[in-house]
There are 2 protein chains.
Amino acid sequence: MATSTVENYIKKIYTLQFEQGGGEEANVSMGDLATSLDVTPGTATTMVKSLAKTGLVSYTPRVGVQLTAQGKELALLVLRRHRMVELFLVKVLGMDWHEIHDEAEALEHVISDRVLERIDILLGRPELDPHGDPIPDASGAIAERDLVLLVDCSIGQKVRIGRIENQEDTFLKYLESNGLTPGQDLTVVSADAQAGVISLEFGSGENRQLGFEAARKISVEVAE
Amino acid sequence: MATSTVENYIKKIYTLQFEQGGGEEANVSMGDLATSLDVTPGTATTMVKSLAKTGLVSYTPRVGVQLTAQGKELALLVLRRHRMVELFLVKVLGMDWHEIHDEAEALEHVISDRVLERIDILLGRPELDPHGDPIPDASGAIAERDLVLLVDCSIGQKVRIGRIENQEDTFLKYLESNGLTPGQDLTVVSADAQAGVISLEFGSGENRQLGFEAARKISVEVAE
DNA sequence: CCACGGACTTTGAGAATTCAAATTCGTAAA
DNA sequence: TTTACGAATTTGAATTCTCAAAGTCCGTGG
């Protein structure tokens with residue numbers, strides 16, 4: 001079985017390749033990988049070479065890594081465990097939205113299929129984690145969505161918060177206490193490009209202003 | 001922080017020293033330790049020497065190991081996590097009593113204090129795990145009980161199942177499907193030393209026979 | 001067409017954990 | 001006492017993961 005370390009590398013390569021990079025074709029550089037895993041470049045190179053030997057990635061020296069089909073499968077499984085655990089911690093254990101990431105980071109490597117399935121049932125086959133990230137299903141499929149940055153929305157659009165791009169603790173805490181969590185429906189009331197402020201209205205009629213800076217950290221689904 | 005391996009050694013030394021051995025004074029032999037951890041004796045010796053260096057155990061070559069106060073504290077914390085997780089898996093995730101041990105074995109090393117506290121609250125500050133083993137409280141204290149083997153009980157005694165000494169899957173499965181779980185109240189109706197059979201009565205009036213072999217694997221509290 | 005700089009790779013080494021095999025210790029029996 | 005056996009320890013080596021530092025590759029500016 002894959003060690004925690006291997007799972008972390010594979011997961012990171014996945015997010016770098018598919019969620020921040022250009023998809024199937026994209027190569028993840030050793031530099032980026034090393035930086036985001038907080039190891040030295042030499043360590044990343046060594047590890048990636050060994051991952052390549054086990055068939056989880058394909059590696060071209062001085063170009064980068066890509067996941068193989070097998071690697072992608074593992075990545076999605078780890079992501080599934082991570083996100084399921086996060087949701088579980090919030091929904092079942094009542095933990096705060098902003099304190100769950102590190103817990104999930106540790107738990108994601110030791111959750112068996114059996115436990116995962118139990119949690120999945122308990123939570124009612126959820127599709128999104130508390131950050132709004134999609135949870136791959138047991139076969140590794142992820143529900144695709146069309147997301148745009150809140151800052152790019154035009155006036156009058158009805159939107160639903162999809163995911164939060166920034167995982168900083170203070171930001172999450174702010175959003176949480178202001179009801180700006182994934183799933184929340186909003187209407188863009190106005191946007192002042194000069195002032196850099198966007199105005200939102202909740203279903204309840206309440207209003208809230210957000211700076212462009214913050215509105216760039218929130219992705220939304222636009223209602224048809 | 002202690003690695004999983006270190007926690008496993010400390011936990012095993014604890015159970016060997018206190019739960020199967022002679023308590024505070026007892027020395028755990030390298031042989032016993034190695035056997036129950038499924039490593040070679042040389043490995044146990046090496047590891048124990050390094051544990052001694054970190055102050056978790058005191059080690060006398062050719063005599064054995066004992067936990068220091070510090071080691072005992074760690075052992076009780078690990079035991080707390082293990083047992084709490086087991087109970088959690090049964091109570092919250094609805095898993096079967098006999099399939100939880102291995103899961104807990106992995107999870108016990110990655111449960112943070114924060115999560116542990118949440119689970120503790122969710123379960124209502126429980127004192128016993130599903131096998132009937134006491135769960136140390138957050139400060140490491142364990143509720144003491146007076147247990148005797150069911151096989152040693154005399155006729156007419158009212159008893160409550162305290163713990164199951166044998167963790168074999170098939171045995172646990174049998175007990176579970178026959179209602180012989182910790183907490184269950186029973187009366188010893190008769191015992192035939194020649195036949196090696198003991199007869200039990202449930203509160204419901206139902207009766208059940210158990211061989212001495214099995215009755216030696218069940219510990220009970222005797223009602224005053 | 002070459003030197004530079006930055007990114008990447010290689011190399012040597014160390015920590016943690018393990019095993020197999022050789023050695024040593026202690027004691028119970030002779 | 002001396003021996004012999006079983007238990008424990010030591011030794012040498014492998015695995016996995018890591019770092020620091022030295023070496024290599026390659027696109028860019030001159």
Side-chain angles (χ1 to χ4, degrees), chain A residues 1-13 16-17 20-22 26-67 70-71 74-75 78 105-106 108-110, chain B residues 1-13 16-17 20-22 26-67 70-71 74-75 78 105-106 108-110:
Chain A
M1 228 258 302
T3 63
S4 295
T5 310
V6 167
E7 289 189 350
N8 280 331
Y9 273 86
I10 294 298
K11 185 177 61 155
K12 190 56 79 178
I13 294 169
L16 256 23
Q17 182 180 351
Q20 292 165 40
N27 274 293
V28 176
S29 73
M30 291 305 108
D32 288 356
L33 185 59
T35 303
S36 43
L37 285 170
D38 204 31
V39 295
T40 60
T43 302
T45 301
T46 306
M47 192 64 201
V48 164
K49 281 202 293 188
S50 109
L51 292 176
K53 214 169 296 178
T54 70
L56 290 167
V57 304
S58 67
Y59 166 56
T60 317
R62 308 213 115 92
V63 176
V65 232
Q66 296 175 199
L67 293 178
Q70 195 198 142
L74 176 57
V78 177
E105 205 63 33
E108 69 187 6
H109 306 298
V110 295
Chain B
M1 228 256 305
T3 64
S4 296
T5 310
V6 167
E7 290 189 349
N8 280 332
Y9 274 86
I10 294 297
K11 184 177 61 154
K12 190 57 78 179
I13 294 169
L16 256 23
Q17 182 181 349
Q20 292 165 40
N27 273 109
V28 176
S29 74
M30 292 304 110
D32 289 354
L33 185 59
T35 302
S36 43
L37 285 169
D38 204 30
V39 295
T40 59
T43 303
T45 301
T46 307
M47 193 63 203
V48 163
K49 281 202 292 187
S50 111
L51 292 176
K53 214 170 295 176
T54 71
L56 289 167
V57 305
S58 68
Y59 167 56
T60 317
R62 306 209 119 94
V63 175
V65 232
Q66 295 175 196
L67 293 179
Q70 195 197 144
L74 175 58
V78 176
E105 206 62 32
E108 69 186 6
H109 306 297
V110 295

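Reminder, nothing fancy here: chain letters follow the sequence lines and each chain counts from 1. Every heavy atom of this structure was used, including side-chain atoms; hydrogens, water molecules and symmetry mates were not.
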* To do: Under 4.0 Å from any atom of DNA chain D, heavy atoms only: list the residues of residues 37-44 of chain B that qualify, in numerical order.
  => B:Pro41, B:Gly42

* Going 5' to 3' along DNA chain D, which nucleotides are the first and last within contact of chain A (any atom under 4.0 Å from a heavy atom)? ->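 The contacted stretch runs from D:dC17 to D:dC25.
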
* Asked: How many angstroms lie between CG in B:Leu33 and CG in B:Asn27, if you round to the nearest 0.5 Å?
  ->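 If we round to the nearest 0.5 Å, B:Leu33:CG and B:Asn27:CG are 12.0 Å apart.
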
* Look up atom CE in A:Met47 and atom CE in A:Met30, then write down how far apart they are to the nearest 0.5 Å. =>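 A:Met47 CE to A:Met30 CE: 12.0 Å, rounded to 0.5 Å.
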
Measure [atom1]/[X] against [atom2]/[N] and give the value in whole Å, please.
X: B:Leu33; N: C:dT18; atom1: CG; atom2: P; answer: 11 Å
X: B:Lys49; N: C:dT17; atom1: NZ; atom2: C1'; answer: 14 Å
X: B:Glu7; N: C:dA16; atom1: CD; atom2: C1'; answer: 15 Å

With the side chain counted from C-beta on, respond yes when [X] and [Y] share a heavy-atom pair under 4.5 Å apart, and no when they do not.
X: B:Val65; Y: B:Gln17; value: no
X: B:His109; Y: B:Thr3; value: no
X: A:Thr60; Y: A:Gln66; value: no
X: A:Leu56; Y: A:Leu74; value: yes
X: B:Leu51; Y: B:Ile13; value: yes

* Asked: For B:Pro61 and A:Tyr9, take the nucleotide of DNA chain D holding the closest heavy atom to each; which residue's nucleotide lies nearer the 5' end?
  ->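 Upstream on the strand: B:Pro61.
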
* Asked: So, the side chain of A:Ser50 versus the backbone of A:Thr46: is there a donor-acceptor pair under 3.5 Å, distance only?
  ->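 Such a contact is absent between A:Ser50 side chain and A:Thr46 backbone.
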
* To do: Measure from the side-chain N and O atoms of B:Glu7 to the backbone N and O of B:Val78, and report whether any donor-acceptor pair falls under 3.5 Å.
  => no

* To do: Could you tell me whether A:Ser29 contacts a base, only the sugar-phosphate backbone, or nothing, with contacts defined as non-hydrogen atoms closer than 4.0 Å?
  =>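 Sugar-phosphate contact only - A:Ser29 comes under 4.0 Å of backbone atoms but never of a base.
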
* So what does A:Thr3 hit on the nucleic acid, given a heavy-atom distance under 4.0 Å: a base, only sugar-phosphate, or nothing? -> sugar-phosphate

* To do: Heavy atoms only: give me the nearest A:Ala44-A:Ala34 pair and the separation to one decimal.
  => CB-CB, 3.9 Å

* Taking every non-hydrogen atom, the tightest pair across B:Asp32 and B:Ser36 -> O-OG, 2.8 Å

Between the protein and nucleotides 22-24 of chain C, are there any N/O to N/O pairs under 3.5 Å, and if so, what are the atom names and distances?
unit_1: C:dT24; atom_1: O2; unit_2: B:Arg62; atom_2: NH2; d: 3.2

